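These notes concern the structure reproduced below.
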Amino acid sequence: MFEAPYPPWDFTIKGSFAFETVIKRWPVILTGIIDNIYCRNHDLGVSLRDKTDEAEKATIEEIITEGKAIIGLVGQVKYDMARDRPLEPIPDDGEPLADVYNAELEKLAETKQNTWLAVPWLYSECYLYRLVRSYFVQTKHWKTYDPFLAQKESTFQKSSKAIYQLATTMHELEKDKDSLAVNPENLKVIFKEMVEMCLWGNATDLSMLTHLSHEQIQHLQSVGKDAQAARAEFILRDDQEKVWDHLKSFAGKADSRIDFVLDNGGFELFTDFVFADFLVTYTPYASKVVFHPKLIPWFVSDVTPPDFKSTTKSLLSPSFFPQEATPEGAPATDSSAESREHLYKMVKRWESYIDSGVFSLSVPIDSPLGSSDKKANFWTTPYPYWNMKELAPELHESLSDSSLVIFKGDLNFRKLTGDIKWPTSTPFETAIGPLAGSFPILSLRTNKADVIVAIDDEIAEKLESSGEKWRYNGKYAVVLFQPRAE
Ligand code: F6P
Ligand code: MG
């Protein structure tokens, strides 16, 4: 197994994002879960008043009691965390990976790294989401409940402006389809816009940005040439040219498949769909796209199969996005009616791609939360991706057939690089260890954690001396490509 020559990020460094996470962010995330269950329990309690059927009333009371028990358990984790207590083994709840987490925990105990403030950050954060999952699994009525769903949906609903704008951009591409087909240079320009749109789509993840206002979220999601040009200088390492050259080698090949190792749902998943649509509809370089979700609620906003399935339905529903307020008496503008039409047409095309298998999910689309899948389970282990070949051979083999595997977002980047304190100039190829060369890898990551690699010394020094929290304030990003070994 690969061993990195430096230690992983942990909570010992004051001022690191790891430290901020354990002190501030996790308590907020856990409180969010408690609030969510509390609200559901409250609504159920109110609904009890109108019920006359005794059996139904008893069931509702049972749900409320189980909800209260989950609240107690989540509250206990918060308490243990703040007191640096040892992590408890994950109960054998019948779902995958409890044994994997517990075996790692035993190893950490041998070096006394098994308490909340001593444990490596990557392990403990993955453990936290698996532990919370176990609280739901062990109930009768909350097994398929996603405590982050309401939050995911409400942020998605605030993204309508950028969504309509992108739908119109895609509609306009249609007019240029023929000329694009014969002019790869123009296609390359659009490709770059797509990569950047998909990259910055990762800036709005909920585990980071729950405190932002509607306006701030819209600003972050601003799309189009100018907004993107303004952000180009924030891409600290940009391998787009190399990716493009790589993709071009698939021209005319009938079965070129692109894989998206997904990150967040809502707006980010929307941008993934748009990018995937562009690749299969407008370029001759891809015929199929496979999307890889997480099988349990994960890092608040990550895509689960139910999220994936509901995304196209939400986008097609006329009532999903709140209508923009118009001045009194003003007629609804044609442009908004037009963009709704553009969105409708585009999402219908995605649905047809899903029906025909051009787009597919790596697991059955109806998989409920907590399903098990040999390949997909790997994404919710605590492991870095270095040893995928040994730890998840089926997944490794299947990705080996891919023309390009796109790893979205911050956590995927942390796992690709092992969340290690690499020197900032470490080549990406070194940081991803034995995974390098297995299949073509593209990491699209906005910087939201301490780990960073592949940055020129000059740039890193300038940023370090600026005092800015450039490693994790979400303002900077990297586009990193590693080809398949010859
Ligand atoms: O909480 C830590 C973290 O991994 C951060 O690095 C990041 O803010 C978030 O969780 C996940 O980000 P992403 O959704 O981009 O993987
Ligand atoms: Mg995420």
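Source: prediction; values computed, not measured. By convention here, the first residue in the shown sequence is residue 1. Side chains are part of it too, since the values below use all heavy atoms of this structure and drop only hydrogens, waters and symmetry mates.
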query: Is the backbone of S400 close enough, under 3.5 Å, to the side chain of R484 for a donor and an acceptor to pair up by distance?
result: yes
message: If you count heavy atoms of other groups shown closer than 6.0 angstrom to CD of E397, is the number above 12?
response: no
query: Would a 4.5 Å heavy-atom cut-off, applied to side chains only, mark D10 and Q113 as touching?
result: no
query: How about F308 and F291: are their ring centres within less than 6.0 Å of each other?
result: yes
query: Can you tell me if S287 uses its side chain to pair, donor with acceptor, with the backbone of A254 under 3.5 Å?
result: yes
field: Over 12 foreign heavy atoms within 6.0 Å of NZ, K389
entry: no
query: Which heavy-atom pair separates W298 from L411 by the least distance, and what is that distance?
result: NE1-CD2, 3.4 Å
field: H396 and S438, any side-chain heavy atoms less than 4.5 Å apart
entry: yes
task: Take atom NZ of K469 as the centre, draw a 6.0 Å sphere, and report whether it contains more than 12 heavy atoms from other residues, nucleotides or ligands.
output: no
- request: Inspect the contact between K152 and D307 and indicate whether a charged nitrogen and a carboxylate oxygen are less than 4.0 angstrom apart.
  value: yes
- prompt: Regarding S360 and Y353, is there a side-chain donor-to-acceptor distance under 3.5 Å anywhere?
  reply: no
- request: Assess the side chains of D263 and N202: does a donor N or O sit below 3.5 Å from an acceptor N or O?
  value: yes
Atom pairs and distances, side-chain donor-acceptor, residues 456-463, under 3.5 Å, sequence neighbours left out:
none

- request: Please name the pair of heavy atoms, one in F17 and one in K448, separated by the smallest distance, quoted to 0.1 Å.
  value: CE2-O, 3.1 Å
message: Between the side chains of R445 and D410, is the shortest nitrogen-to-carboxylate-oxygen separation below 4.0 Å, so that they form an ion pair?
response: yes
- prompt: Is the shortest side-chain N to carboxylate O distance from K475 to E468 below 4.0 Å?
  reply: yes
message: Just by distance, no angles: are the side chains of Q76 and D80 close enough, under 3.5 Å, to form a donor-acceptor pair?
response: yes
message: Any salt bridge linking R25 with E20? Criterion: basic side-chain nitrogen under 4.0 Å from a carboxylate oxygen.
response: no
task: Check step by step if salt bridge (charged side-chain N to carboxylate O under 4.0 Å, His left out) holds for K192 and E241.
output: CA-CA 9 Å; K192 287 188 157 188; E241 288 282 339; 3.0 Å; yes
task: Answer yes when D259 and R257 have at least one side-chain N-carboxylate O distance shorter than 4.0 Å, and no when they do not.
output: yes
field: Interatomic distance, I163 atom CD1 to Q157 atom CD [nearest 0.5 angstrom]
entry: 10.0 Å
- prompt: Is any side-chain heavy atom of F250 closer than 4.5 Å to a side-chain heavy atom of T283?
  reply: no
- request: Take W422 and V451 through the side chain to side chain contact (heavy atoms under 4.5 Å, CB included) test and state the conclusion after the steps.
  value: CA-CA 7 Å; W422 296 106; V451 58; 4.2 Å; yes
query: Is it true that the side chains of N186 and S179 contain a donor and an acceptor less than 3.5 Å apart?
result: no
message: What verdict does the ring pair (Phe, Tyr, Trp, His ring centres under 6.0 Å) test give for Y129 and F299, after you've listed the backbone C-alpha separation in whole Å, the side-chain angles of each residue and the deciding distance to 0.1 Å?
response: CA-CA 7 Å; Y129 287 92; F299 283 67; 4.7 Å; yes
- request: Answer yes if the ring centres of W116 and Y127 are under 6.0 angstrom apart, and no otherwise.
  value: yes
field: Passing candidate, ring-ring contact (aromatic ring centres under 6.0 Å, His included) with H246, options F439, F481, F191
entry: F481
- prompt: Which atoms form the tightest heavy-atom contact between D84 and L117, and what is the distance?
  reply: OD1-N, 2.7 Å
- request: May I ask you to decide whether E174 forms a salt bridge with K177, counting only side-chain N to carboxylate O separations under 4.0 Å?
  value: no
message: side chain to side chain contact (heavy atoms under 4.5 Å, CB included) for Y476 and T446? Distances and angles first, verdict last.
response: CA-CA 6 Å; Y476 295 89; T446 57; over 6 Å; no
Contacts of Q240 that satisfy side chain to side chain donor-acceptor pair (under 3.5 Å) - sequence neighbours left out: E196, D238
task: Kindly state whether the ring of Y385 and the ring of W379 have centres lying under 6.0 angstrom apart.
output: yes
query: Can you check salt bridge (charged side-chain N to carboxylate O under 4.0 Å, His left out) on R349 and D277, steps first, answer last?
result: CA-CA 9 Å; R349 177 167 66 237; D277 186 12; 2.8 Å; yes
task: Taking S16 for its side chain and T12 for its backbone only, find out whether a donor-acceptor pair lies under 3.5 Å.
output: no
message: Does R83 qualify as a cation-pi partner of Y79, given the criterion of NZ or CZ under 6.0 Å from the six-membered ring centre and within 45 degrees of its axis?
response: yes
message: Apply salt bridge (charged side-chain N to carboxylate O under 4.0 Å, His left out) to residues E153 and K158 and explain how you reach the verdict.
response: CA-CA 9 Å; E153 282 194 344; K158 290 177 190 152; over 6 Å; no
field: Minimum heavy-atom distance between V363 and A376, given as atom pair plus value
entry: CG1-CB, 3.8 Å
- request: Search all heavy atoms of A18 against all heavy atoms of D450 and return the closest pair with its distance.
  value: N-OD2, 3.0 Å
Minimum heavy-atom distance S371-N377, with the two atoms named: O-OD1, 4.1 Å
message: So if I apply the ring-ring contact (aromatic ring centres under 6.0 Å, His included) rule between F273 and each of F260, F278, W350, which one comes out positive?
response: W350
- prompt: How long is the span from the CG atom in L369 to the CG atom in D146, to the nearest 0.5 Å?
  reply: 5.5 Å
task: Just jot down the side chain to side chain donor-acceptor pair (under 3.5 Å) partners of S403, sequence neighbours excluded, or say none.
output: S256
message: Under 6.0 Å between ring centres: does that hold for Y285 and W244?
response: yes
- request: Examine distances only and state if a side-chain atom of T155 and a backbone atom of Q151 form a donor-acceptor pair shorter than 3.5 Å.
  value: yes
statement: Tested for side chain to side chain contact (heavy atoms under 4.5 Å, CB included) against W200, the lone hit among L444, T271, I235, V195 is I235
query: Got W26 and V77 here, is their nearest side-chain heavy-atom distance under 4.5 Å?
result: no
- prompt: Will you find, in the side chains of T31 and K78, an N or O donor that is under 3.5 Å from an N or O acceptor?
  reply: yes
message: Do R133 and P297 make a side-chain contact, defined as non-hydrogen atoms from C-beta onward lying under 4.5 Å apart?
response: yes
- prompt: Would a 4.5 Å heavy-atom cut-off, applied to side chains only, mark H171 and M346 as touching?
  reply: no
- prompt: Does the side chain of N264 reach to within under 4.5 Å of the side chain of L269, using non-hydrogen atoms?
  reply: no
Check: V261 main-chain N/O paired with N412 side-chain donor or acceptor under 3.5 Å: yes
- request: Please determine if E394 and K374 form a salt bridge, counting it only when a charged side-chain N lies under 4.0 Å from a carboxylate O.
  value: yes
Stacked cation flag R414 on W121, 6.0 angstrom / 45 deg: yes
- request: Using modelled atom types only, decide if a donor and an acceptor are shared between the side chain of N102 and the backbone of A98 within a distance under 3.5 Å.
  value: yes
- prompt: Tell me, do D245 and S249 make a side-chain contact under 4.5 Å, heavy atoms counted?
  reply: no
field: Atom pair NE2 (H292) and CD1 (I406), whose distance is rounded to the nearest 0.5 Å
entry: 10.5 Å
- prompt: Under 6.0 Å from the NZ atom of K248, do we count more than 12 heavy atoms belonging to anything else shown?
  reply: yes
